[in-house]
Amino acid sequence: MEFIITILLVNNILLFQFLGVDILVNRKAKEHSPSLLVFVALLLMAFCSVLNYVTYFGVLKPHSMEYLTIFAFALNVVLSAVVVRFLCEKLFGFIYDNFSEVISFVSYHSLVFGIGFINIQEATCFSSYLGLNLSEVLAFGLIAWIVTGIGKHLSYNQFPKYVHPLPLLFLVLGLLAMAFKGFANAFY
Amino acid sequence: MTKHKCLDLVKENYLNVYLLAIVPILGVSTTLLNALSMALILSFVWFVSTFIVFALSKVIDLNSRRFSYFLVLALMVSVVDLLLPLVNLEFYQSLGIYLPLICCSCLIFETFDANLEKSAKVVLDDILYKIVTLIVIMAFIGAVREFFGLGELLGYKIVAYGIPKVLVLQTSAGAFFVLAFLAFVINWVRGEK
């Protein structure tokens, strides 16, 4: 419980390490619901975690080739995107078009690559690596849902002309970052 | 840079895209020196990889071009990651986890897309102009966060003792606030909603 609260609230990957902010800032993100983005990110992260773990601990580390980690992990993200796209085509053929677009969109942003890269140094076993990665994608999802909800409420209010859309989004993210900093005292 | 281009710098639509590019590397912009270091590394990777992509443009499949860009960038960042500690270890350590994130920079992807059909001279002109813009924006963010957050600039104490510092600017929330201000100024100058 403490582990999940820490990842979701205290060390939120989006608010404190900026991973995934580029997805929220991108105008194309408004075309997709945050739930769909998070679902696709979870799928990609799961496949990518398997590939990253096998690549890093099976090939790169035993042969002292850690200098290839960045390229190998980028290749893993691309491979995961291709595999997930193929599986979605086979399993959910009727929503394939929308899925394909979201898969490409999520995969070349910093979220999946960044989380996979950062956590590999701290991985003690595969389950901890997978758990950490998926929890951090959920942490991104939490903020994506909050920001979308706040955005809908704000759209009913009148704001100065030049505050829309990015300044307001960054302001909301800044205030959320300050508020979430308060959870650091939750366990004391 | 011509007067026309200087005006373009704030008016054109892709300045908002610049914000998109700098978001993942905001973590290192706590001081002017760090921000400039990151901007220089990003510019180098951007410059070299643009010409690699330009050379490979006939081979790259248009439908999966973003993945190709991603791999080219990852290769370039790997090379920089390998060579930078040999050049300056302290500089390398200050960039931390944010150096690998350069390969996810959407700004660079957008430039690759825009330059696919152009001649080498036009690409060179375009890329140099965009790199200067990026360095100016990163320097602004780093300078504001260091000056108002620490009362310093490039490590030299500027603000007199007793004047309160806005310490929140040194945190991640501060980075968002500075970006909000920057985006507001860009919108205001462009004069559009």
Side-chain angles (χ1 to χ4, degrees), chain A residues 12 14-28 66-79 81-82 85 104-105 107-114 116-118 121 159-181, chain B residues 16-17 19-28 63-64 66-83 85 96-107 109 168 171-193:
Chain A
N12 192 289
L14 193 148
L15 294 177
F16 301 114
Q17 289 181 310
F18 309 105
L19 294 183
V21 182
D22 45 354
I23 294 181
L24 290 188
V25 174
N26 202 320
R27 286 178 184 178
K28 287 179 187 168
E66 284 101 331
Y67 55 87
L68 283 176
T69 309
I70 297 172
F71 184 71
F73 280 23
L75 201 62
N76 288 343
V77 173
V78 174
L79 273 175
V82 172
R85 192 187 287 187
S104 302
F105 178 72
S107 58
Y108 63 75
H109 282 86
S110 61
L111 184 71
V112 178
F113 174 81
F117 187 84
I118 290 170
Q121 315 289 344
F159 284 98
K161 190 180 172 187
Y162 303 120
V163 173
H164 279 289
L166 281 183
L168 203 56
L169 173 67
F170 287 132
L171 211 56
V172 167
L173 285 173
L175 291 172
L176 278 177
M178 284 178 78
F180 274 53
K181 205 79 173 161
Chain B
N16 277 338
V17 183
L19 298 182
L20 217 156
I22 44 185
V23 162
I25 48 176
L26 273 177
V28 289
N63 291 328
S64 54
R66 293 260 159 160
F67 292 142
S68 315
Y69 301 162
F70 190 29
L71 292 179
V72 169
L73 272 181
L75 193 63
M76 274 309 303
V77 174
S78 297
V79 172
V80 171
D81 189 59
L82 192 63
L83 296 179
I97 57 155
Y98 293 97
L99 180 63
L101 291 183
I102 292 177
C103 62
C104 307
S105 176
C106 292
L107 170 63
F109 294 162
V168 74
T171 64
S172 58
F176 286 123
F177 291 144
V178 175
L179 264 191
F181 175 70
L182 192 63
F184 172 76
V185 170
I186 290 169
N187 280 352
W188 182 58
V189 172
R190 284 172 60 205
E192 64 166 47
K193 192 177 176 182

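So you know, we letter chains A, B, ... as the sequences are listed, proteins then strands, and number each from 1.
Contacts of Val168(B) with chain A are made by side-chain atoms alone, with heavy-atom separations under 4.5 Å and no backbone atom involved. Looking at Leu75(B), the atoms closer than 4.5 Å to chain A (heavy atoms on both sides) sit in the backbone and in the side chain alike. For Leu175(A), the parts sitting under 4.5 Å from any heavy atom of chain B are the backbone and the side chain alike. Proximity to chain B (any heavy atom under 4.5 Å) is restricted, for Ile118(A), to the side chain, taken from C-beta onward. The parts of Tyr67(A) that come within reach of chain B are both its backbone and its side chain, each placing non-hydrogen atoms under 4.5 angstrom from that chain.
The two residues Met178(A) and Phe177(B) come nearest to each other via the heavy atoms SD-CE1, 3.6 Å. Residue Leu15(A) comes nearest to Ser172(B) through the heavy atom pair O-OG, 3.0 Å, listed as atom of the first residue, atom of the second, then distance.
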Inset, instruction - Could you go through the side-chain contact (heavy atoms from CB on, under 4.5 Å) check for Thr171(B) and Phe16(A) one step at a time? - result: CA-CA 8 Å; Thr171(B) 64; Phe16(A) 301 114; over 6 Å; no
Inset, instruction - Take Thr69(A) and Asp81(B) through the side-chain contact (heavy atoms from CB on, under 4.5 Å) test and state the conclusion after the steps. - result: CA-CA 10 Å; Thr69(A) 309; Asp81(B) 189 59; over 6 Å; no
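With hydrogens and angles ignored, the 3.5 Å screen pairs no side-chain donor or acceptor of Ser78(B) with any backbone N or O of Leu68(A).
Here the straight-line distance linking atom CZ of Phe18(A) with atom CG of Leu101(B) works out to 11.5 Å at 0.5 Å rounding. Atom CG of Leu171(A) is separated from atom CZ of Phe176(B) by 11.5 Å, given to the nearest 0.5 angstrom. From Leu179(B), atom CG reaches atom CG of Leu166(A) across 9.0 Å, with rounding to the nearest 0.5 Å.
Counting heavy-atom pairs closer than 4.5 Å to chain A, the top-ranked of the candidates Ala74(B), Gly174(B), Pro100(B) is Pro100(B).
Ring centroids of Phe184(B) and Phe170(A) are separated by 6.0 Å or more, keeping the two rings apart.
The side chain to side chain contact (heavy atoms under 4.5 Å, CB included) test with Pro167(A) singles out one residue from Leu182(B), Ile186(B), Asn187(B), Val185(B), and that residue is Asn187(B).
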